Amino acid sequence: MTVVTRFAPSPTGELHLGSAYSARIAWRRARDVGGTFLVRIEDIDIRRCRREYETAMLADLQWLGLAWDGAVRRQSDHFADYGGVMDELDARGLVYPCFCTRADIAASTSAPHPTAMGPDGPLYPGTCRHLSNDERRRRIAAGVEHCMRFDCARAAEQAGPYSFFDETLGRIEGQPLLMGDFVIARKDTPTSYHLSVTVDDHLQGVTLVTRGIDLLPSTHVHALLQKLLGYAAPQYAHHPLLTDATGRRFAKRDRDLTIRALRESGRTPADVFEMIDGWSCATPVKG
């Protein structure tokens, strides 16, 4: 089977050393076995993503010598793909409208209320999950702002036990409730990271997902969606995060360490990769 990897940045800033590190891992895993390396632009956040950042990112990848195969897939061009899957999930009773504001959620998850915790903090308590269909229709008809949430408990019932495979961690049993009832679509963004990345990996035939260990909790959600939708499950390789000498991970705010800044300062691609190889990796991969 041909190995298909992908690098999928969000164009909310310029490519930095940490992103180049991740891109090279995906590129190398494909090239080492004569496989396919794809580039996907994850720009569903139409408020923060900018086309000039996308153009700059692609130019940086080309300058680094990380050539990709085929056309670049831009998520904002494929909202219809995600909408079709949303309709299927809705028909199966797996999504529901949530009318809670951020203030409502903060109040419901603060003391003295007992609150379940997830990898990113307090989980949504499921307030709107219990609304009747009549009440939901009434609020929508009245124009009350809302998002759509994924009913993880019901999804777990439909999916049954599931697992996914990570090259370092081995076979991992899925935890469908780990992320709680996450937002799966918004009014101005008719999809979410979790939904669109799962659909895209399926449509693009990705067989190996290489990404940072910080995204391991999300893989529990993606594997759940894969089972529910009947998608073939890729293998995963969650790698440690690249950090600076103080242990701080690189981010788009590190403007002096963007690939563009390094290139304009006279560095070569070889210099950049030497810098990457010289930094330490934080957050060792563990179960």
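Starting from 1, each residue takes its place in the sequence as its number. These numbers were taken from a predicted model, which means no experiment stands behind them.
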Derivation of the salt bridge (Lys or Arg N to Asp or Glu O under 4.0 Å) call for E167 and R29: CA-CA 12 Å; E167 289 185 347; R29 291 299 305 271; 2.7 Å; yes

So, applying side-chain contact (heavy atoms from CB on, under 4.5 Å) with Y231, which one of D201, V199, L225, L203 is it? V199

Under the 3.5 angstrom rule, does the side chain of D181 hit a backbone N or O of C152 as a donor-acceptor pair? yes

Could you tell me whether R136 atom CZ has more than 12 heavy atoms of other residues or ligands within 6.0 Å of it? yes

R171, CZ: over 12 other non-hydrogen atoms inside 6.0 angstrom: yes

Testing the basics here: between C147 and A185, what is the closest heavy-atom pair and its distance to 0.1 Å? CB-O, 3.5 Å

To the closest 0.5 Å, what do you measure between CG (L61) and CD1 (I259)? 9.0 Å

Check this for me: does any side-chain nitrogen of one of R154 and E157 sit under 4.0 Å from a carboxylate oxygen of the other? no

In this structure, would L229 and Y162 fall into the same cluster of hydrophobic residues linked by side-chain contacts under 4.5 Å? yes

For the student: nearest non-hydrogen atoms of A26 and T210, plus distance: CB-OG1, 3.3 Å

Hey, what do you get for OG1 (T258) to CG (L15), rounding to the nearest 0.5 Å? 8.5 Å

Residues in salt bridge (Lys or Arg N to Asp or Glu O under 4.0 Å) with D32, at least two apart? none

Tell me, with the steps shown, if L228 and Q158 meet side chain to side chain contact (heavy atoms under 4.5 Å, CB included). CA-CA 7 Å; L228 288 167; Q158 290 191 20; 3.9 Å; yes

Do the side chains of D69 and R31 get close enough for a salt bridge, i.e. N-O under 4.0 angstrom? yes

With no hydrogens and no angle check, is any side-chain donor or acceptor of D271 less than 3.5 Å from a backbone partner on T268? yes

Answer yes if F37 and L58 sit in the same cluster of Ile, Leu, Val, Met, Phe, Trp and Tyr residues linked by side chain heavy atoms under 4.5 Å apart, and no otherwise. yes

Under a plain distance cut-off of 3.5 Å, with no hydrogens placed, do S76 and D43 share a side-chain donor-acceptor pair? yes

For E42, the option from R73, Q75, R74 that meets side-chain contact (heavy atoms from CB on, under 4.5 Å): Q75

Can you check side chain to side chain contact (heavy atoms under 4.5 Å, CB included) on D45 and R48, steps first, answer last? CA-CA 6 Å; D45 188 343; R48 296 177 60 232; 3.1 Å; yes

Testing F182, Y236, F164 one by one against H220 for a ring pair (Phe, Tyr, Trp, His ring centres under 6.0 Å), which residue passes? F164

If you look at every heavy atom in I213 and P240, which pair is closest and at what distance? CG2-CA, 4.3 Å

Are T219 and R211 close enough that a side-chain donor and a side-chain acceptor fall under 3.5 Å? yes

Could D60 and R260 be called an ion pair, given the rule that one side-chain N must be under 4.0 Å from one carboxylate O? no

Determine whether the side chains of Q204 and R40 contain a donor N or O and an acceptor N or O closer than 3.5 Å. yes

Between S19 and H16, does any side-chain donor sit less than 3.5 Å from a side-chain acceptor? yes

So how far is it from I172 CD1 to L169 CG, rounded to the nearest 0.5 Å? 4.5 Å

Roughly how far apart are L242 CG and M275 CE, rounded to 0.5 Å? 9.5 Å

Quick test of your reading of the model: are E145 and R139 salt-bridged, counting only N-O distances below 4.0 Å? no

Minimum heavy-atom separation for I44 to S192, with atom names? CD1-C, 3.5 Å

Qualifying ring-ring contact (aromatic ring centres under 6.0 Å, His included) pairs, either residue in residues 75-105, two or more places apart: F99-H146

If we ignore hydrogens and angles and just use 3.5 Å, is the side chain of K227 paired with the main-chain N or O of P161 as donor and acceptor? yes

Ring-ring centroid check H239 Y21, cutoff 6.0 Å: yes

Would you give the length of the straight line joining atom CZ of R24 to atom CG of L17, rounded to the nearest 0.5 angstrom? 10.5 Å

Identify the heavy atoms of C100 and Y124 that sit nearest to each other, and give their distance. SG-OH, 3.3 Å

Heavy-atom neighbours of E274 CD exceed 12 at 6.0 Å: no

Are L177 and F150 co-members of a hydrophobic cluster defined by side-chain heavy atoms under 4.5 Å apart? no

Please check if the side chain of D200 supplies one atom and the backbone of V197 the other of a donor-acceptor pair under 3.5 Å. no

Salt bridge between R92 and E88, side-chain N to carboxylate O under 4.0 Å? yes

If you group Ile, Leu, Val, Met, Phe, Trp and Tyr by side-chain heavy-atom gaps below 4.5 Å, do F273 and I25 land in one group? yes

When you group the ILVMFWY residues by side-chain heavy-atom contacts below 4.5 Å and let the links chain together, are M148 and L224 in the same group? yes

Out of curiosity, W68 CH2 to F7 CZ, how far, rounded to the nearest 0.5 Å? 10.5 Å

Taking atom types as modelled, find out whether T168 and H238 have a side-chain donor-acceptor pair closer than 3.5 angstrom. no

Closest contact, heavy atoms only, R149 versus C98: NE-SG, 3.2 Å

Show the numbers, then the answer: is there a side chain to side chain contact (heavy atoms under 4.5 Å, CB included) between R6 and V39? CA-CA 6 Å; R6 45 72 164 179; V39 169; over 6 Å; no

